[in-house]
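What follows is a single structure, written as structure tokens, with notes after it.
Both ligands and their constituent atoms are indexed starting at 1 by order of listing. Residue numbers start at 1 and run along the sequence shown. Only heavy atoms go into these numbers, but all of them, side chains included; no hydrogens, no water, no symmetry mates.
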Amino acid sequence: MQDKIEKLREKALKLIEDVKSSEELERARVSLLGKKGEITGLIRSIGKLPPEERPLAGKLLNALKREVEEKIEEKRKTLPKVRKVKIDTSIPGRRPKTGALHPLTRIEEEIVDIFMRMGFSVEYGPEIETDYYNFTALNTPEHHPARDLHDTFYLEDGNLLRTHTSPVQIRVMEKKKPPLRIISPGRAYRFDPFDPSHSPVFHQVEGLWVDRDVSFSDLKGTLEAFGKELFGKETRIKLVPHYFPFTEPSAEVHLSCPFCKEKGCRVCKYTGWVEIAGCGMVHPEVLRGVGIDPYQWTGFAFGMGVERIAMLRYGIDDIRNFYENDLRFIEGLR
Ligand code: DAH
């Protein structure tokens with residue numbers, strides 16, 4: 001027995017000596033001192049020895065056990081520490097930052113979607129325009145006083161940044177013949193101060209419907225259906241007489257305030273109504289200019305402000321919020 005114990009001692013010390021990681025050390029410990037470990041096994045077998053051998057075997061095995069335990073502890077100190085990370089599963093997870101469409105893009109898409117469901121198709125035009133498309137073809141020749149209202153950005157080559165999306169009407173009517181039913185979303189530019197209600201760049205959605213016998217009531221019905229679709233069934237519109245050179249008659253489109261339901265509030269400046277678009281019946285001169293016979297065809301047109309509508313949707317009173325790229329603001333509108 002003494003021999004056996006001495007051999008096991010040598011084996012155990014060598015085993016511990018050769019260990020290289022805390023996992024290996026734990027494995028060595030279990031193989032020696034665990035329930036089925038070799039030293040544990042020998043200790044258990046003491047009972048089977050002749051009674052006179054038991055005291056010595058017990059003493060030696062206890063000493064071995066203690067020695068091995070000490071060696072294991074010593075070894076443990078020399079091994080690199082593996083830190084146990086405590087995971088707190090109750091902490092809320094970190095949300096990954098996801099991209100999202102800008103609120104103006106979303107509103108524009110919503111507007112386009114409503115008109116597409118009414119049978120309009122989408123057309124685009126250039127943001128750098130010629131004087132002809134932006135003004136002249138829209139019945140606004142040189143020296144026409146309406147040009148002053150536009151505060152145009154002119155480029156050195158004589159072209160300009162379009163002041164509205166209306167030139168797309170001309171481009172489309174030049175290419176395609178009626179019946180026509182199109183909308184055109186896009187950016188427009190005006191030399192305006194950047195203040196709570198103006199931005200030198202802004203968005204419009206232009207609309208044009210030319211067919212036989214298109215009437216002012218078609219215009220009104222279309223805009224009213226649009227308003228109800230965007231802001232709810234109780235929404236009303238009212239057409240307020242106005243002047244645009246390219247339509248006759250012309251009107252401003254006023255929408256019943258979606259916030260106070262016409263009672264009057266901060267958003268509608270206590271009038272119950274907000275202006276969202278200009279509109280009218282396409283001027284016969286404009287049709288004639290693109291080779292469409294105004295005795296055969298009539299049309300209506302409108303141009304609406306996307307920022308205006310977005311401000312109403314979100315209850316925002318400063319247009320600059322859309323352009324300052326403050327994520328705290330933009331994310332708040334999701
Ligand atoms: N282009 C006009 C503007 O920017 C809005 C407008 C008015 C567009 C009447 C139209 C229209 O198509 O018929 O102020």
Side-chain angles (χ1 to χ4, degrees), residues 108 111-112 115 118 120 122-127 129 131-141 144-153 160-174 178 180-192 197-211 214-223 226 237-255 274-287 289-290 292 294 297-309 319:
E108 185 181 282
I111 296 171
V112 167
F115 283 109
M118 292 198 249
F120 286 76
V122 181
E123 295 278 351
Y124 298 97
E127 291 175 19
E129 263 301 4
D131 184 276
Y132 176 77
Y133 284 108
N134 197 79
F135 291 121
T136 311
L138 287 161
N139 200 27
T140 318
H144 192 291
R147 286 196 175 203
D148 293 348
L149 303 174
H150 282 235
D151 301 307
T152 312
F153 280 112
L160 47 82
L161 298 181
R162 66 179 180 189
T163 58
H164 50 183
T165 44
S166 302
V168 184
Q169 291 185 33
I170 306 300
R171 290 182 175 276
V172 170
M173 288 191 289
E174 278 183 348
L180 282 171
R181 208 190 305 174
I182 63 105
I183 44 164
S184 183
R187 272 189 281 261
Y189 302 83
R190 284 185 204 177
F191 191 67
D192 277 334
S197 45
H198 296 90
S199 165
V201 53
F202 56 99
H203 295 75
Q204 290 187 328
V205 175
E206 192 76 14
L208 174 71
W209 185 331
V210 183
D211 205 333
V214 173
S215 68
F216 201 81
S217 54
D218 294 323
L219 169 59
K220 188 165 186 202
T222 303
L223 291 171
F226 166 76
I237 61 150
K238 111 181 143 177
L239 298 181
V240 179
H242 199 73
Y243 173 78
F244 296 105
F246 36 92
T247 41
E248 181 60 35
S250 304
E252 271 182 359
V253 185
H254 291 219
L255 187 87
V274 267
E275 188 231 315
I276 58 159
C279 69
M281 300 306 294
V282 182
H283 198 291
E285 274 308 305
V286 173
L287 293 175
V290 291
I292 295 175
W297 306 94
T298 53
F300 69 70
F302 57 83
M304 52 183 67
V306 176
E307 280 80 359
R308 266 292 172 82
I309 292 171
I319 195 173

Measure from every N or O atom of ligand 1 to the protein's N or O atoms and keep only the pairs below 3.5 Å, writing each with atom names and distance to 0.1 Å.
| residue | atom | partner | partner atom | Å |
| --- | --- | --- | --- | --- |
| ligand 1 | 1 (N) | H164 | ND1 | 2.9 |
| ligand 1 | 1 (N) | S166 | OG | 2.9 |
| ligand 1 | 4 (O) | R190 | NH2 | 2.9 |
| ligand 1 | 4 (O) | Q204 | NE2 | 2.9 |
| ligand 1 | 12 (O) | Q169 | NE2 | 2.9 |
| ligand 1 | 12 (O) | E206 | OE2 | 2.6 |
| ligand 1 | 12 (O) | F302 | N | 3.3 |
| ligand 1 | 12 (O) | F302 | O | 3.3 |
| ligand 1 | 13 (O) | A301 | O | 3.2 |

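Around OH of Y243, the count of heavy atoms belonging to other residues, nucleotides or ligands within 6.0 Å exceeds 12.
In this structure, the side chain of E206 does not engage the main chain of S184 through any donor-acceptor pair within 3.5 Å. Not a single donor-acceptor pair under 3.5 Å links the side chain of R190 to the backbone N or O of H198.
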Subject >> Criterion side chain to side chain contact (heavy atoms under 4.5 Å, CB included) on L180 and D211, from CA distance to verdict >> reply: CA-CA 7 Å; L180 282 171; D211 205 333; over 6 Å; no

**OP:** Output, in order, the C-alpha distance, side-chain angles, deciding distance and verdict of side chain to side chain donor-acceptor pair (under 3.5 Å) for T163 and N134.
**Re:** CA-CA 7 Å; T163 58; N134 197 79; 3.0 Å; yes

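Between E123 and R181 there is no salt bridge, since none of the side-chain N atoms of the basic residue sits less than 4.0 Å from a carboxylate O of the acidic one.
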